[in-house]
Asker: 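Please read through the structure below; I'll follow up with questions.
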Amino acid sequence: MLYPNMRELLSERFALDDEFASAVLGGLSRPQKTLPCRFFYDARGSELFEAITRLPEYYPTRTETAILKAHAAEMVEGLPEGGVLVEFGSGSSRKTEIVLRQLPGLAAYVMIDVSQAALAGAKQRLAQHFPTLDVRAIVADFSLPLSLPDDLRGRAKTGFFPGSTIGNLTPGEAVRLLRVFRTALAPQGRLIIGADLKKDARRLVLAYNDGAGVTAAFNLNLLARINRELGGDFDLGAFRHEAIYNPRHGRIEMHLISQKDQCVTIQGQRFSFQAGESIHTENSYKYAIDQFQDLARAADWQPRRVWTDADAMFSVHELG
Ligand code: AVJ
């Protein structure tokens, strides 16, 4: 007999596999082939992303961390005693610790992530660093409407969404997500959200095309994952990583470029690639401060304060 939580784990796994398979087969069937960037983050991909955050060219993580360290006390001003901090896609919760240090009176920290393993790891570390903090872990896709634990219902809520993850969405999708957050944090919720700023295109492209080739490995790992989990036969040596800045859309695009005419088979389905043809694997939108504030207004948020670094590389917004 299966333990109830084991059955849950298994069905979660199959559901995810299924979703992965249909997204891959669907994405590769379109005229402009695409693969959704949320599938980058298997165990290997998460490891590679951690390595990206430490690259000299990849400024967002260290810049946002510095902004949080410099201004965390101001950022949490106005969050009443007994409030709740809710993080969407919490991952390792490492940046959250900077904010938590300023919140001794917090009633609970609610972390939401699709990865049970990431939540368990974060929970363990937080128990050591904040022994009296009430930490609630919710395994969920934060982009779907969710309800917070019943016993926290009457409490003031502050959302936390760092990392410029919002940049992976198109502006239309971003507005929809901000509305989901608005509802989850209502009434009178606030949101602290990180957004990468528009800047010199060369600087941007370098951040996604590092000299050590870590971002290339991160991008190509998607094909390795398809081979591993869906029985695909991608030849990883026959695709190359590309990162370009698309000024019309104000976004970095990552692609995998086929180096020759070739066919790939995945779960019995054949996909042909011409030499030079791309698979579009990620968008990372960059927002000027006023652009991001317009986006927030479109989702019924009021922009409040905003913090940046001295070189205007990254922004952290308070919405209320
Ligand atoms: C995690 C979405 C913020 O877009 O900068 C890093 C992901 N992709 N290098 C970003 C990423 C390639 C990252 N985000």
Side-chain angles (χ1 to χ4, degrees), residues 52-81 83-106 109-111 129-130 142 156-169 171 174-175 177-179 181-182 184-185 188-200 203-204 207 250-252 284-320:
I52 286 173
T53 65
R54 291 189 293 268
L55 292 168
E57 297 96 333
Y58 193 76
Y59 60 85
T61 310
R62 84 175 62 85
T63 309
E64 183 180 42
T65 300
I67 296 170
L68 291 174
K69 282 190 173 149
H71 302 290
E74 287 166 59
M75 287 177 189
V76 303
E77 260 169 32
L79 181 68
E81 284 272 313
V84 176
L85 186 71
V86 181
E87 183 166 2
F88 303 101
S90 50
S92 67
S93 295
R94 215 158 285 143
K95 288 173 194 159
T96 325
E97 293 205 18
I98 302 165
V99 177
L100 287 173
R101 268 180 234 127
Q102 305 295 332
L103 290 168
L106 201 65
Y109 164 51
V110 179
M111 46 186 189
H129 296 183
F130 303 89
F142 62 72
K157 291 174 195 80
T158 295
F160 188 49
F161 194 48
S164 199
T165 307
I166 192 87
N168 278 162
L169 307 181
V175 168
L177 182 64
L178 290 175
R179 287 218 179 97
F181 291 173
R182 185 91 178 130
L185 301 168
Q188 289 175 358
R190 297 194 313 162
L191 181 63
I192 304 292
I193 178 169
D196 197 12
L197 289 167
K198 280 212 164 74
K199 61 183 67 62
D200 173 57
R203 190 73 208 259
L204 280 172
R251 69 191 190 200
I252 284 283
S284 191
Y285 283 81
K286 310 301 169 185
Y287 291 105
I289 285 173
D290 57 327
Q291 277 184 319
F292 191 80
Q293 291 181 329
D294 285 345
L295 195 84
R297 284 192 197 93
D300 294 324
W301 285 97
Q302 265 321 305
R304 306 272 194 227
R305 294 170 295 175
V306 56
W307 297 271
T308 63
D309 55 297
D311 300 322
M313 301 292 277
F314 199 92
S315 64
V316 178
H317 291 256
E318 176 194 4
L319 310 178

Asker: If you compare all heavy atoms of Val306 against all heavy atoms of Gln293, which two are closest, and at what distance to 0.1 Å?
Answerer: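 Nearest heavy atoms, Val306 then Gln293: CG1-NE2, 4.3 Å.
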Asker: Start with the C-alpha distance between Val316 and His71, add both sets of side-chain angles, then the distance that settles side chain to side chain contact (heavy atoms under 4.5 Å, CB included), and finish with yes or no.
Answerer: CA-CA 10 Å; Val316 178; His71 302 290; over 6 Å; no
Asker: To check you understand the geometry: which heavy-atom pair defines the closest contact between Lys157 and Ala184, and what is its length?
Answerer: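 Reported closest heavy-atom pair: CD-O, 4.1 Å.
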Asker: Minimum heavy-atom separation for Ser90 to Met111, with atom names?
Answerer: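 Result for this residue pair: OG-CB, 3.3 Å.
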Asker: If you take all heavy atoms of Lys286 and Ile252, which pair is closest and at what distance?
Answerer: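 Closest pair (atom of Lys286, atom of Ile252, distance): CE-CG1, 4.1 Å.
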Asker: What pairs with Phe130 under ring pair (Phe, Tyr, Trp, His ring centres under 6.0 Å), at least two apart in sequence or on another chain?
Answerer: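 None.
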Asker: Just jot down the side chain to side chain donor-acceptor pair (under 3.5 Å) partners of Ser315, sequence neighbours excluded, or say none.
Answerer: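 Expected list: His317.
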Asker: Please set out all donor-acceptor pairs under 3.5 angstrom arising from side-chain atoms of residues 96-105, sequence neighbours excluded.
Answerer:
residue	atom	partner	partner atom	Å
Thr96	OG1	Glu87	OE1	2.4
Thr96	OG1	Ser93	O	3.4
Glu97	OE1	His129	ND1	2.8
Glu97	OE2	Arg125	NE	2.9
Glu97	OE2	Arg125	NH2	3.0
Glu97	OE2	His129	ND1	3.2

Asker: If I take atom CD from residue Glu57 and atom CD1 from residue Ile52, how far apart are they, to the nearest 0.5 angstrom?
Answerer: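 So the CD of Glu57 and the CD1 of Ile52 are separated by 10.5 Å.
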Asker: Taking the side chain from Trp301 and the backbone from Leu178, do they hold a donor-acceptor pair closer than 3.5 Å?
Answerer: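 Side chain of Trp301 to backbone of Leu178, a donor-acceptor pair under 3.5 Å: yes, one is there.
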Asker: So, using side chain to side chain donor-acceptor pair (under 3.5 Å) as the criterion, who are the partners of Tyr59 when residues are at least two apart?
Answerer: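 Applying side chain to side chain donor-acceptor pair (under 3.5 Å) to Tyr59 gives Asp196, Lys199.
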Asker: Determine the minimum heavy-atom distance between Gly163 and Phe314, stating which atoms define it.
Answerer: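 What the structure gives for the nearest pair is C-CZ, 4.2 Å.
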Asker: Among all residues two or more places apart in sequence or in another chain, which pass the salt bridge (charged side-chain N to carboxylate O under 4.0 Å, His left out) test with Arg182?
Answerer: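 Arg182 satisfies salt bridge (charged side-chain N to carboxylate O under 4.0 Å, His left out) with no residue once adjacent residues are dropped.
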Asker: State which residues pass salt bridge (charged side-chain N to carboxylate O under 4.0 Å, His left out) with Arg203; sequence neighbours excluded, sorted by chain then number.
Answerer: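 Scan of Arg203 (salt bridge (charged side-chain N to carboxylate O under 4.0 Å, His left out), adjacent residues dropped) gives none.
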Asker: For the pair Leu79 and Leu106, evaluate side chain to side chain contact (heavy atoms under 4.5 Å, CB included) and give the outcome as yes or no after the intermediate values.
Answerer: CA-CA 9 Å; Leu79 181 68; Leu106 201 65; 3.9 Å; yes
Asker: Does any non-hydrogen side-chain atom of Phe181 lie less than 4.5 Å from one of Ile166?
Answerer: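 No; the side chains remain at least 4.5 Å from each other.
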Asker: What pairs with Asp311 under salt bridge (charged side-chain N to carboxylate O under 4.0 Å, His left out), at least two apart in sequence or on another chain?
Answerer: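 So Asp311 forms no salt bridge (charged side-chain N to carboxylate O under 4.0 Å, His left out) with any residue.
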Asker: Does the pair Ile193 and Phe292 meet the rule for a side chain to side chain contact (heavy atoms under 4.5 Å, CB included), with working shown?
Answerer: CA-CA 10 Å; Ile193 178 169; Phe292 191 80; 3.7 Å; yes
Asker: Not counting sequence neighbours, which residues clear side chain to side chain donor-acceptor pair (under 3.5 Å) with Glu64? List them please.
Answerer: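 With sequence neighbours excluded, Glu64 shows a side chain to side chain donor-acceptor pair (under 3.5 Å) to Lys95, given in chain and number order.
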Asker: Looking at every non-hydrogen atom in both residues, tell me the closest pair between Arg305 and Met75 and how far apart they are.
Answerer: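 Heavy atoms only, the tightest pair is NH2-O, 3.9 Å.
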Asker: Can you name the residues that form a ring pair (Phe, Tyr, Trp, His ring centres under 6.0 Å) with Tyr285, not counting sequence neighbours?
Answerer: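 Partners of Tyr285 by the ring pair (Phe, Tyr, Trp, His ring centres under 6.0 Å) criterion come out as none, since no residue qualifies.
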Asker: Ring pair (Phe, Tyr, Trp, His ring centres under 6.0 Å) with Phe142: which residues, sequence neighbours excluded?
Answerer: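 By the ring pair (Phe, Tyr, Trp, His ring centres under 6.0 Å) rule, Phe142 matches Phe161.
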Asker: I'd like to check the salt bridge (charged side-chain N to carboxylate O under 4.0 Å, His left out) partners of Arg297; sequence neighbours left out, ordered by chain and number.
Answerer: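 Once residues adjacent in sequence are excluded, the partners of Arg297 under the salt bridge (charged side-chain N to carboxylate O under 4.0 Å, His left out) criterion are Asp294.
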Asker: By side chain to side chain donor-acceptor pair (under 3.5 Å), which residues pair with Thr63, not counting sequence neighbours?
Answerer: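 Thr63 satisfies side chain to side chain donor-acceptor pair (under 3.5 Å) with no residue once adjacent residues are dropped.
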Asker: Would you compute the distance between atom OG1 of Thr53 and atom CZ of Arg62 and round it to the nearest 0.5 angstrom?
Answerer: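 It is 8.5 Å, given to the nearest 0.5 Å.
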Asker: Any donor-acceptor pair under 3.5 Å linking the side chain of Arg190 with the backbone of Leu185?
Answerer: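 Such a contact is absent between Arg190 side chain and Leu185 backbone.
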